[in-house]
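Have a look at the structure below, then the notes.
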Number of protein chains: 2
Amino acid sequence: MASHGARGRSGGRPTLEEVAARAGVGRGTVSRVINGSPRVSDATRAAVEAAVAELGYVPNTAARALAANRTDAIALVVPEPETRFFAEPYFSDMLRGVGAELSDTEMQLLLIFAGSDRERQRLAQYLAAHRVDGVLLVSVHADDPLPDLLAQLEIPAVISGPRSATETLTSVDSDNYGGGRSAVEHLLSRGRRKIAHITGRLDVYGAQRRVDGYRDALRDAGRQVDELLIEPGDFTEEGGRRAMTTLLARHPDLDAVFAGSDVMAAGARQVLREAGVRIPDDVALVGYDDSAIARHMDPPLTSVRQPIEEMGRAMIDLLLTEIADRRPAMSRGLERRHAVLSTELEVRASS
Amino acid sequence: MASHGARGRSGGRPTLEEVAARAGVGRGTVSRVINGSPRVSDATRAAVEAAVAELGYVPNTAARALAANRTDAIALVVPEPETRFFAEPYFSDMLRGVGAELSDTEMQLLLIFAGSDRERQRLAQYLAAHRVDGVLLVSVHADDPLPDLLAQLEIPAVISGPRSATETLTSVDSDNYGGGRSAVEHLLSRGRRKIAHITGRLDVYGAQRRVDGYRDALRDAGRQVDELLIEPGDFTEEGGRRAMTTLLARHPDLDAVFAGSDVMAAGARQVLREAGVRIPDDVALVGYDDSAIARHMDPPLTSVRQPIEEMGRAMIDLLLTEIADRRPAMSRGLERRHAVLSTELEVRASS
DNA sequence: ATCACTGGTGGGAGCGCTCCCACAGTACCT
DNA sequence: AGGTACTGTGGGAGCGCTCCCACCAGTGAT
C-alpha cells in the first residue's frame, strides 16, 4: 500500500487524473480541453478550466512527449563557433525573426552551436535521440553532412541559404540574383560604364547567384560582360583588398565596383583610398548585406539589404507546416518548398 | 560503423527491451550499463555495449525524463531583450564559459530570453512545467521576482551578480570590492591625489561594492573621503557625461577619475576632451569591464577586468552540484554557496 | 417503431524508461 | 553445518500523458 496511490494531496504537482477528479470528468476529457479539441461541451470545458486554475495544473511535458512522440521543441543549429554567432548581426536578426514567429506557439526554441568536431558529435547524438521535432539550419557549407543526417533521421528541417539550385531540403533564401541585378542596374542608371564585381566564395550558392545577377543586368542593358572584371573574393576584408588590387591593376579605368559583401567592400575601399581614387567621384562602390559597416563607412556605403528577420519568420512557418504535415501520416506527397524573399537596395553616398 | 542492422520489427527506434533481448540480459541490466552503474560485470557490460552499437540504440529522453523525473537540461535565463544580449560581450563570454564547462556532461543548455512581459509569462509557465533541472540567472535586477519564483518552485538556481549582501540564491560574482580598490590603489601609486568616482546604478549591488572599494582604498591610504567626489552614473555613456560635467564643475582640480564602467568612462572622456583636459597628463582615467571600448579608446583605457568566462564555468559547477545534491533526498543541509572570483587591472595609457 | 448518425464522454492500453525488490550465486565468517 | 554479506541480475510497477475504442444520449430519416 505504501507504493500505491498515496499521493493524493501531497506536495507534488497535480496530474491530469487529479484535475479530472476535481472537475468530475474523465481523464480523456481533461486532455481534450488542455489540447484545445473542439469536441467538448462549453459547460464541461468551463468546469475543467476551473479545476486547472484551482490546482495550478501544468502538463508534464515529458509524459506528453513520451505518449505523443513529439517534443514541442525545435532547434536552431548554427554550424559555427559561438564567436561568429555573436560577431555577425545576421544571426541576431535571424533569431529575432524566429523568436517573434515562435512566440504565438507552444514551441520551444533551442540554440545549438556546432562549431567544433566535439560539438558536432554531440549534435548528432542529440538529433538521433529525436529531442526536437524540427531543425532550422543556418549558414551551412556546401559539403556539410548535416542535411543528409537530418534526411536520414527523417527530421523536418528548413535551411536558410540553399546549398545549390537543387537543394533537397526545404529552404528559405533571399533573392541573391535579384540583389545582384539591382546593384548593377543602379550603377548603370548612375551612368557607370565599367563595373567590376568582387564575388563571395563561389562554393556558396548565394554568391554565385549574385554573379549571375551581375552578368544578366549587364547583358540585358546591352553591355558585354568582361570576365576580367569579375574577381573572386572570399567574404573577408583581406579578400576584398586583394581582389580590388588585382582589378585596379587590370583595369585602371573602371568606374564602379559591386562587392559581394560589405566587409569586402570595406577592404576594397581601403585599396581605392590608398590609390588616391575618390569615392564616389572616380569610382562608385556598392556592397551587400547592409550591415553596420555600410552605415558607418566613409562615405556611407550603398548596399543590398536582405530581409533577414523576415527570413527567420518564413523558416519557422515552413518548418511548422512540415512538422504538422508529418504528424498524421508518415507518408504524404512531400513536395519541397523553397521561399525566396526579395532584397532592397539601400542607396547611400558611395554611389 | 555498421548502422541499421535487422532491427526488431518496425522501422522505429530500438528500445531498451530490444537491446536487452539482443544481449541476452534483462532490461535492468541494460539500464545499468547505459547509466554507467558500476554494479555490472565486465562480460555483461561488453555484451550490452555490443548490442547497443549493433542496433544503434539511443535512449529515449522523454521516457527517461518521465521515469526519473529529471530532464538533463538547464536554462540560461537572460532577463533582457535579445538586443542587449548580442550587444554586450559580457553574455558572449559567459556563454563560452558555460558551454565549455557543460561539454563534458550530458546536460543540454537552453538559452531563454525574457525581456518582454510576454516572454516572462512564457518563462514562468516553462519553469512551472519543470522543463529544466536548473537555472542560470544572469543580469538580474534587484526587484526581479524571478529568483523568488525559482525558490518557490524549488528549482536549483545560480545567479551571477548577487542582488545584495544577503542573496538567498547560490551566487557567483567577481570581486567588485577588490576591483574598485585596485583601481584606486593604482591611481594613488601613480601619484594622483584627487580621485573622483563615477558610480554605476546604485541599485546594482556590484556597483555599490565598487564604491566601497573606492572608499576603503582611500581610507587605508590615510586619505579622507570627499563625498562630493563621488557622483552617481547609470552605466550609460550619457550618464558618464553628466557625472563628469558635474564633477568637473565642482572640482576643477581633480587629477583622476575612476568610472564604474568603460561605457561611462567613454562619456567622461568626451567631457574632459571638450574641456581641454589632457588624458592622462592632467587627469588619469580608469574604467571597469575591460571591454572592447577600453582597448579602442584614445588613449587606450586602463580598466578592471572581470573573469567572465570563468564565472560561467563556476556557475555551472555550482549548479550541477546543487542539482546532484537535491537528487537523493529533498532535504539535506542547504547551505548557500557564494563564489567570488578575483579581478585584474589592465593598465593602459589612460593612467 | 427501427436505424443510422451525430456530438460528448470515460477509461483501457500503452509510450520507453528508472526504481527497487527479489533472488541466485559466491565467499567468508562463526 | 548454518549464518551473513556481499555482487550481479531479472523483471514488476509505475511515471503522466495521448490515443483510440466503446458507449451513451439525442436527433432526424426511414
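Below, chains carry the letters A, B, ... as their sequence lines are ordered, and counting in each starts from 1.
- Contacts between residues 40-50 of chain A and DNA chain C, defined by a heavy-atom separation below 4.0 Å, involve Val40(A), Ser41(A), Thr44(A), listed by number.
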- Item | Annotated protein contacts, base or backbone, on nucleotides 18-23 of chain C with a non-hydrogen cut-off under 4.0 Å, one of B, S, - each | B-----
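- Atom pair Asn60(B):CG and dG14(C):P shows a separation of 18 Å (rounding to whole Å applied).
- Across its full length, the helix from dA1(C)-dT30(D) to dT30(C)-dA1(D) shows an angle of 50° between the axes of its 5 terminal pairs at either end, rounded to 10 degrees.
- Residue Leu66(B) contributes atom CG, which lies 12 Å from atom P of dC17(C) at whole-angstrom precision.
- Note that the OG1 atom of Thr105(A) and the CG atom of Asp72(A) stand 8.5 Å from one another [nearest 0.5 Å].
- For the side-chain contact (heavy atoms from CB on, under 4.5 Å) with Glu49(A), the lone residue among Thr44(A), Val33(A), Ile34(A) that qualifies is Val33(A).
- Annotation: side chain to side chain donor-acceptor pair (under 3.5 Å) contacts involving residues 137-148 of chain A, sequence neighbours excluded, comprise Glu80(A)-Ser139(A), Arg120(A)-Asp144(A).
- Using a 4.5 Å heavy-atom cutoff, the side chains of Arg22(A) and Glu18(A) are not in contact.
- Distance Arg39(A) CZ to dG7(C) P: 5 Å, rounded to the nearest Å.
- Going from atom CD of Glu18(A) over to atom P of dG16(D) covers 8 Å, rounded to whole Å.
- Counting heavy-atom neighbours within 6.0 Å of Asp104(B) CG, excluding the residue itself, gives a total above 12.
- With sequence neighbours left out, Gln152(B) forms a side chain to side chain contact (heavy atoms under 4.5 Å, CB included) with no residue at all.
- At distances below 3.5 Å, at least one donor-acceptor pair connects side-chain atoms of Glu167(B) with backbone N or O atoms of Arg163(B).
- Under the 3.5 Å distance criterion, with hydrogens and angles disregarded, no donor-acceptor pair is assigned to the side chains of Glu119(B) and Ser103(A).
- Per the geometry, CG belonging to Leu55(B) stands 14 Å off P belonging to dG16(C), to the nearest Å.
- A side-chain donor from one of Glu322(A) and Thr170(A) sits under 3.5 Å from a side-chain acceptor of the other.
- Within a 6.0 Å radius of CD in Glu54(A), more than 12 heavy atoms belonging to other residues, nucleotides or ligands are found.
- One can place CD of Glu17(A) at 12 Å from C1' of dC15(D), the figure rounded to the nearest angstrom.
- Taking the ring pair (Phe, Tyr, Trp, His ring centres under 6.0 Å) definition, one finds that Phe86(A) meets it with Phe85(B), Phe86(B), sequence neighbours left out.
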